[in-house]
Amino acid sequence: MPAPLLVPRSRLLVEKRVIIICFFIALGQFQYGYDSAAIAGFQSMPGFLEVFGYVDPTNPIGLNISTDVQRLIQSLMNVGGFLSAVVMYTMGGRLSRRVGLWLGCLLAFVSISVMISVTSLGGLYAGRLLLGMSNGFFVPYSATYMTEAAPSLLRGSIVGMSTFQTSLGALFGILVDNYTKSIGGNASWQIPLGVMYFVPTFMAIFLIFLPDTPRYYIGKGDDEKALWAIRKLRGISDDALLRAEVEDIKNAYLLEEELHSGVHLRDMFRGPDLRRTLLCYGTTIGGTATGVTFMAGFSVYLFVQAKVGSPFVWVMISLAIALTGNMLAFPAMRILGRRELLVWCSLVSSAMMFGMAIVYTISPGSPGASKALVALSIVFTWIYGVGQGPVMNALSVEIPSQRLRSQTVGTASGLNFIVGWLTAFFTPYFINPDKLNWGPRYGYIWGASNLVLAMYTFFFVPETKDRSLEQLDELFEKGVSARKFSAFTVERQLVDDTAGGHGPVAPHLRSDDDESVVVQVEVEDPEKQGHPRAR
């Protein structure tokens, strides 16, 4: 007999508290996006180049930045991120999500102050290294906090806010650059740096009023604090529901602890966790493999060298359009799922990158090629915002096991910072006129990497949509193949799913004013579906 289940239509309204909290937690990603865009603008800002660059009559703006300086101001960020990842792994579960974010705030204050106060390359490099360490705490800890705080049915969309905030930060970064570049002198680049004080100031205060995540407290054996955390983060007042949810998280944690006693580096590469670790690494590095770090870090410089008129304005337009893609990511991940969306978006991104390279191979520097470059880069940025960024952010924190999540996400971030460092270090060699001078032809490399990402996703990445973190544990423990993840029937029917649409609606989710809050959904009996669990 089909089993009728109730699905709340007002899910977003019911969970509005945790959505708002996670939106502000995602400001850690905003900081990263702002910094990337602001520094990208500095490389074509006369006031900055007068101090850290050199006169170059052949350059469209009469000034240029050396390849070595360009390499270091970008790549030292990644070195700093790698150092933070080492700290994250060393500390493991002892470093809470809130403390990790507070460390990011502290390092941000120090690094920004250093960069504003100095005019030497050594001071600039030191500031970039420290800011990289700050972002190295902000990015993974904000993503982990959102993952562990969000209900399963909204987790992908909530974690997808990371990409939205990154794009929003980048838009603000280039916007501030555009309005300060004409001031001239040191103020033209010191003002954009000063704006960066806002995020660490706000977040340091905001975190005082928040708990850590329920799963963190369960890991510490403090069930009462876990109850308090769920109540404060999600506004659930039903005591029975709260205790049932805590008990479910606790049971899943204890099961993992029994299966994986002790936490060591080698545990991430054993049994089912090996697969989860490799998938986490693949989806984390996949973000860099899209070429978005190349476009984010060098877009203004690339447009200037390609003789695109009003390069700051066009980058702003590109980022503003990308935000509409970020907004569409939320329904897209709910309707299409992670896997399908990532495959198709990677294929389109590949075509855009190859298009930029081909256009500049055929007609370098022409007005038509400049227009094509702008158009293709806008489409690429929009597609990344719709599918690649949000999906891979969600997958990279969903896939690791609960007990090894901090270590797996931390080492994945460290590995990605190494890949990012390689990208930042070698990109100037390809695009700077004083070296290879490929310019947009550099797109050949990123077109190929996007194609590889699409194939990797098709063959290896599972669909995690509508699965709780505890259900994912079961699927990986049973070795379910990537293409059977979405159809496999799991044993665990969790409280979170019960409250979100896989069982009777909890009392706090019902609406006294709206009788149409829920709809009937027919679910076939597993024994008639031929799933492995029914055999």
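Computation of the quantities below employed the complete heavy-atom set of this structure, encompassing side-chain atoms and omitting hydrogens, waters and symmetry-equivalent molecules.
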Drop me the distance from [X]'s [atom1] to [Y]'s [atom2], to the nearest 0.5 angstrom.
| X | Y | atom1 | atom2 | value |
| --- | --- | --- | --- | --- |
| K435 | T427 | NZ | OG1 | 14.5 Å |
| F23 | M161 | CZ | CE | 7.5 Å |
| Q70 | L72 | CD | CG | 10.5 Å |
| W438 | Y429 | CH2 | OH | 10.0 Å |
| K465 | L341 | NZ | CG | 11.5 Å |

Report the C-alpha distance between Y54 and S66 in whole Å, list the side-chain angles of each, state the deciding distance to 0.1 Å, and finish with yes or no for side-chain hydrogen bond (donor to acceptor under 3.5 Å, both in side chains).
CA-CA 8 Å; Y54 63 93; S66 73; over 6 Å; no
Can you name the one residue among F294, F430, F426 that meets side-chain contact (heavy atoms from CB on, under 4.5 Å) with I445?
F430
[X] (side chain) donor-acceptor with [Y] (main chain) under 3.5 angstrom:
| X | Y | answer |
| --- | --- | --- |
| S363 | V359 | no |
| S44 | G41 | no |
| S134 | L107 | no |
| S75 | W421 | no |
| S310 | V313 | no |
| Q29 | T166 | no |
| S449 | T290 | no |
| T144 | Y141 | no |
| T293 | G420 | no |
| N326 | G385 | yes |

In residues 296-303, what donor-acceptor pairs under 3.5 Å come from side-chain atoms, sequence neighbours left out?
from: S299; atom 1: OG; to: M295; atom 2: O; distance (Å): 3.0
from: Y301; atom 1: OH; to: N64; atom 2: OD1; distance (Å): 3.1
from: Y301; atom 1: OH; to: N432; atom 2: OD1; distance (Å): 3.3
from: Y301; atom 1: OH; to: N432; atom 2: ND2; distance (Å): 3.1

Is it true that, when you exclude [X] itself, more than 12 heavy atoms of the residues, nucleotides or ligands shown sit nearer than 6.0 Å to its [atom1]?
| X | atom1 | result |
| --- | --- | --- |
| F354 | CZ | yes |
| W344 | CH2 | no |
| K220 | NZ | yes |
| F82 | CZ | no |
| K225 | NZ | no |

Residue pairs, two or more places apart or on separate chains, that pass ring pair (Phe, Tyr, Trp, His ring centres under 6.0 Å) and touch residues 374-394:
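For residues 374-394, and leaving out neighbouring residues, there are no ring pair (Phe, Tyr, Trp, His ring centres under 6.0 Å) pairs at all.
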So which pairs with a foot in residues 159-185 pass ring pair (Phe, Tyr, Trp, His ring centres under 6.0 Å), sequence neighbours left out?
F30-F172
Applying side-chain contact (heavy atoms from CB on, under 4.5 Å), can you list everything that pairs with L193, at least two apart in sequence or on another chain?
F42, M115, I116, W189, M196
Go through the steps to decide whether Q388 and S346 satisfy the test side-chain hydrogen bond (donor to acceptor under 3.5 Å, both in side chains), and finish with yes or no.
CA-CA 7 Å; Q388 291 178 300; S346 297; 3.2 Å; yes
Determine, step by step, whether L347 and L451 satisfy the side chain to side chain contact (heavy atoms under 4.5 Å, CB included) criterion, reporting the C-alpha distance in whole Å, the side-chain angles of both residues, the deciding distance to 0.1 Å, and the verdict.
CA-CA 6 Å; L347 290 173; L451 197 57; 3.9 Å; yes
Single hit among R234, R98, R97 for salt bridge (Lys or Arg N to Asp or Glu O under 4.0 Å) with E148:
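Filter result, single survivor: R97.
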Between [Y] and [X], is there a side-chain heavy-atom distance shorter than 4.5 Å?
| X | Y | result |
| --- | --- | --- |
| T408 | S401 | no |
| M77 | N135 | yes |
| T423 | Q74 | no |
| V374 | V308 | yes |
| L49 | I61 | yes |
| Q165 | Q31 | no |
| N78 | I418 | no |
| F137 | M88 | yes |

Under 3.5 Å, is there a donor on one side chain and an acceptor on the other for N186 and T119?
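On atom types as modelled, these side chains do not qualify, holding no pair under 3.5 Å.
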Step through it carefully: locate the ring centre of F138, locate the ring centre of Y32, and say whether they are under 6.0 Å apart.
no
Shortest non-hydrogen contact between [X] and [Y], atoms and distance:
| X | Y | value |
| --- | --- | --- |
| G287 | V292 | O-CG1, 3.4 Å |
| M333 | P390 | SD-CB, 3.7 Å |
| P140 | V409 | CB-CG1, 3.9 Å |
| Y456 | G282 | OH-CA, 3.5 Å |
| S396 | T284 | CB-OG1, 3.3 Å |
| D212 | Y217 | N-OH, 2.9 Å |

How are the rings of W446 and Y442 set relative to one another: parallel (under 30°), tilted (30 to 60°) or perpendicular (over 60°)?
perpendicular
Show every salt bridge (Lys or Arg N to Asp or Glu O under 4.0 Å) that has at least one partner inside residues 60-86, sequence neighbours left out.
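Non-adjacent pairs meeting salt bridge (Lys or Arg N to Asp or Glu O under 4.0 Å): D68-R71.
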Assess K181 against F312: is NZ or CZ under 6.0 Å from the centre of the six-membered ring, and within 45 degrees of the ring's axis?
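Ring-cation test returns yes.
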Please assess N59 against Q305 for the test side chain to side chain contact (heavy atoms under 4.5 Å, CB included), listing each intermediate value before the final yes or no.
CA-CA 7 Å; N59 195 281; Q305 301 309 315; 3.0 Å; yes
Sequence neighbours excluded and cut-off under 3.5 Å, please list the side-chain donor-acceptor pairs for residues 123-133, or say none.
from: R128; atom 1: NE; to: I73; atom 2: O; distance (Å): 2.9
from: R128; atom 1: NH1; to: D35; atom 2: OD1; distance (Å): 2.7
from: R128; atom 1: NH2; to: D35; atom 2: OD2; distance (Å): 3.3
from: R128; atom 1: NH2; to: I73; atom 2: O; distance (Å): 3.4

